[in-house]
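Heads up, the thing below is written out as structure tokens.
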Amino acid sequence: MEIDDEMIKSKGEEEDKKKPIVVILVGAPGSGKSTFCDHVMRVSTRPWVRVCQDTIGNGKAGTKAQCLALSNTSLKQGKNILIDRCNLDKEQRADFVNLKNSHQVDIHAIVLDLPAKLCISRCINRTGHEGNLQGGRAAAVVNRMLQKKESPKINEGFTRITFCYNENDVQSAMDTYGSLSSINTLPSGCFGEKKTDSKVQVGIMKFLKRVDAPSKLASDKTDKTEKTDKTTPGTSNDNTTQENHPVNEVETVEEFVNKIGNGRLVLVDLSHGSKILSLVKTKAAKKNIDSKKFFTFVGDITKLQSGGLKCNVIANAANWRLKPGGGGVNAAIFDAAGPDLDTATKQRAGSLTPGKAITIPLPSTSPLFSKEGVTHVIHVLGPNMNQKRPNCLKDDYQKGCRVLKEAYVSLFGNFESIVRNQEKLCKHFDGVLNSGVEKVRREDDEVCGTEKNKKFKGFVEEKEMGGKVNKDWGSWAQALYKIAMNPEKHGNDVIEILDDVVVLNDVYPKAQKHVLVVTRVKGLESLSDVGEEHLPILRTMHDVGLKWAQTFLKENESLVFRLGYHSAPSMRQLHLHVISQDFDSKHLKNKKHWNSFNSSFFRDSVDVIEEVREEGKPKLNDDEKFMSMELRCNRCRSAHPNIPRLKSHIAICKSPFPENLLQNGRLLHAPTKV
DNA sequence: GTTCTAGAAC
DNA sequence: GTTCTAGAAC
């Protein structure tokens with residue numbers, strides 16, 4: 001969804017200037033309606049009144065009639081209204097939409113269609129929320145309410161509808177409404193809605209990968225029951241020659257199918273009547289290609305997991321500018337992935353040559369990632385017969401075939417590389433995907449002698465194969481890992497549960513504010529496990545950390561935050577420290593505590609992301625020497641003989657922070673007042 | 001004498 | 001990661 005300042009018309013009609021807005025929030029409990037209202041009311045210069053059914057009865061739940069009465073009174077006073085109740089179906093919304101019959105107002109809807117899982121976890125974890133929907137009951141209630149959800153339509157009487165499917169969408173909608181002054185108006189229409197019927201999806205390339213039941217890998221080399229599946233690129237009949245020539249594809253599949261380890265290739269098309277599917281199928285059968293490694297599938301490439309086929313990697317028949325839109329599968333994929341894919345793509349490349357492919361790790365904030373489990377999109381460009389675009393073949397059929405073949409080779413090569421990284425990551429059978437995770441989790445819970453034995457064998461094999469060996473974590477080092485895997489069992493410890501991270505207060509904070517953002521990705525245990533494929537999760541962790549730092553900065557403007565990782569952490573499971581730089585804490589007791597946050601052992605999140613982006617892995621300063629370094633003030637760099645003396649100094653030192661920390665956003669301050 | 005560190009155990 | 005505590009440092 002793209003809502004930006006440019007869309008805010010600053011010169012509306014004279015009467016529009018004075019027209020108040022009624023914003024009807026639409027969303028399940030936990031979808032963030034109250035947060036939305038709070039934010040808008042905090043930052044907006046328009047006069048807003050929040051009409052909240054949960055609190056309208058003297059702080060307690062009230063009735064719809066009370067909400068309507070308050071709305072009417074407030075509108076008469078020229079106020080703008082935020083209707084903070086679920087409003088999930090048309091009937092629930094109707095009375096509020098009808099306010100426009102008795103007042104000169106525009107009716108807007110903000111649809112907070114966030115994953116049910118997220119809403120439920122927020123409900124479970126919120127304390128003292130006005131709706132009082134706490135505890136295990138939350139899941140049942142949220143699910144029941146979502147069943148009767150009806151998306152608002154313009155014809156119900158709305159002037160403008162904004163759909164939000166993830167937190168980025170919500171943020172941008174909050175920014176839009178927050179920055180709306182009394183004299184500005186917003187364009188009418190529907191914004192950000194996902195197309196559920198992408199009928200235009202034509203020929204489809206598809207690629208997917210699954211980790212299924214990887215449990216036996218370590219104990220028996222020959223018994224590779226783990227199934228890493230992926231689908232294969234199909235073809236795009238998008239104005240190129242390949243439509244009638246599955247030849248290239250099948251032959252390239254034949255070459256690659258054995259190189260991609262446990263990956264599988266699947267050709268997908270929307271329709272059962274697809275000519276390309278049947279041609280490819282026939283040809284593959286003739287060539288005796290293992291049907292478990294390569295098969296065809298009928299379905300929507302943007303909804304494979306929902307359609308019953310787990311898929312990690314999808315191939316996109318891109319256009320040469322790598323732009324969203326244009327109809328066909330490219331539009332469908334960009335649409336389903338949301339703006340994150342476009343942003344991530346732009347960061348990597350601006351265009352693509354026919355015959356080439358490029359892998360884009362999908363940010364975890366993308367709905368295609370969170371809902372369908374797609375971790376990578378490979379954009380690939382086939383031969384071009386359109387004279388208006390670069391590299392037109394001008395009917396050179398031979399060359400077209402060569403370019404097409406090259407496209408498949410490049411596509412499969414990219415896929416091969418993803419599979420290899422994935423297998424490295426999986427190490428001893430740690431699957432990243434859901435079904436695998438469940439299985440492994442249970443096994444981990446019952447670690448016994450034989451299980452340990454298996455793991456040990458696993459390490460040896462992987463060592464021989466040149467793989468990395470995991471650190472052997474002590475029993476006391478498992479706490480974060482357990483919380484990350486089962487956050488719902490640790491309701492008192494966690495302050496936020498998202499799909500791929502959990503946030504918790506450090507049990508032994510080393511400063512006034514010290515929280516940990518812990519990844520939920522299995523097998524990602526410390527910075528030493530991090531590779532290029534983890535850029536999305538690193539960015540998510542950074543963003544979530546940033547958000548919490550900003551929250552704390554609002555409460556206490558004098559704090560300064562730093563976000564980073566320990567080069568060699570003591571606790572299992574990659575965690576980002578979000579820590580205020582006062583180090584005012586009774587738990588900061590020794591040299592190691594100090595140096596782990598104030599030497600090169602502490603790796604700033606911004607640097608880690610930069611290094612992974614450029615080098616593929618972060619730099620680690622894990623030498624013990626960093627722990628025994630002399631104790632120096634984090635501001636003025638003066639040395640101190642022991643911890644108590646250092647602490648007395650830092651309590652009063654007002655020197656500015658060293659130059660290197662002031663750069664690249666390593667330190668976070670409250671915004672300076674103008 | 002007290003304060004502080006650092007290594008072992010968990 | 002913390003706790004405990006012997007013994008070094010003051």
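Basis for what follows: all heavy atoms, side chains included, without hydrogens, waters or symmetry-related copies.
- We find that CZ of A:Arg645 is positioned 10 Å from P of C:dC10, with the value rounded to whole Å.
- Ring geometry for A:Phe597 against A:His577 counts as perpendicular: the plane angle is over 60°, on a 0 to 90° scale with 30° as the lower cut.
- Using a 4.0 Å heavy-atom cutoff across all strands shown, A:Ile643 reaches sugar-phosphate atoms only and no base atom.
- Nucleic acid contact class of A:Lys592 (heavy atoms, under 4.0 Å, all strands): none.
- For A:His593, the listed nucleotide lying nearest its side chain is C:dT2; candidates were B:dC4, C:dG1, C:dT2.
- For the pair A:Leu631 CG and B:dA6 P, the interatomic distance rounds to 9 Å; values are reported in whole Å.
- Side-chain contact between A:Phe552 and A:Val515 is present, with at least one heavy-atom pair separated by less than 4.5 Å.
- Two residues are said to be in side-chain contact when any heavy atoms from C-beta on lie closer than 4.5 Å; A:Cys633 and A:Phe583 fail this criterion.
- Ion pairing between a basic and an acidic side chain is recognised when a charged N comes within 4.0 Å of a carboxylate O; A:Lys346 and A:Asp342 show such pairing.
- As judged by a 4.0 angstrom heavy-atom cut-off over every strand, A:His575 is placed among residues making no nucleic acid contact.
- When the C1' atom of B:dG7 is taken as reference, atom CE of A:Met627 falls 16 Å away, rounded to whole Å.
- Rounding to whole angstrom units, CG of residue A:Leu588 and C1' of B:dC4 are separated by 14 Å.
- Relative to the side chain of A:Lys589, the nucleotides C:dT2, C:dT3, B:dC4 differ in distance, and C:dT3 lies closest.
- Distance A:Asn505 CG to C:dG1 P: 16 Å, rounded to the nearest Å.
- Stacking of the aromatic ring of A:Tyr508 onto the base of C:dG1 is not found under the criterion of centres within 5.5 Å and planes under 30°.
- Of the candidates C:dT2, C:dT3, B:dA6, the closest approach to any side-chain atom of A:Lys510 belongs to C:dT2.
- If you check every strand for non-hydrogen atoms under 4.0 Å, A:Asn590 touches nothing.
- If you measure from atom NZ of A:Lys591 to atom P of B:dT3, you get 20 Å, rounded to the nearest angstrom.
- Applying the 4.0 Å criterion to OP1 and OP2 of C:dG1, one finds that A:His587 has every side-chain N and O outside that range.
- The CH2-C1' distance, from A:Trp476 to C:dG1, rounds to 6 Å in whole Å.
- One finds a salt bridge joining A:Asp607 and A:Arg666 here, because a Lys/Arg side-chain nitrogen approaches an Asp/Glu carboxylate oxygen to under 4.0 Å.
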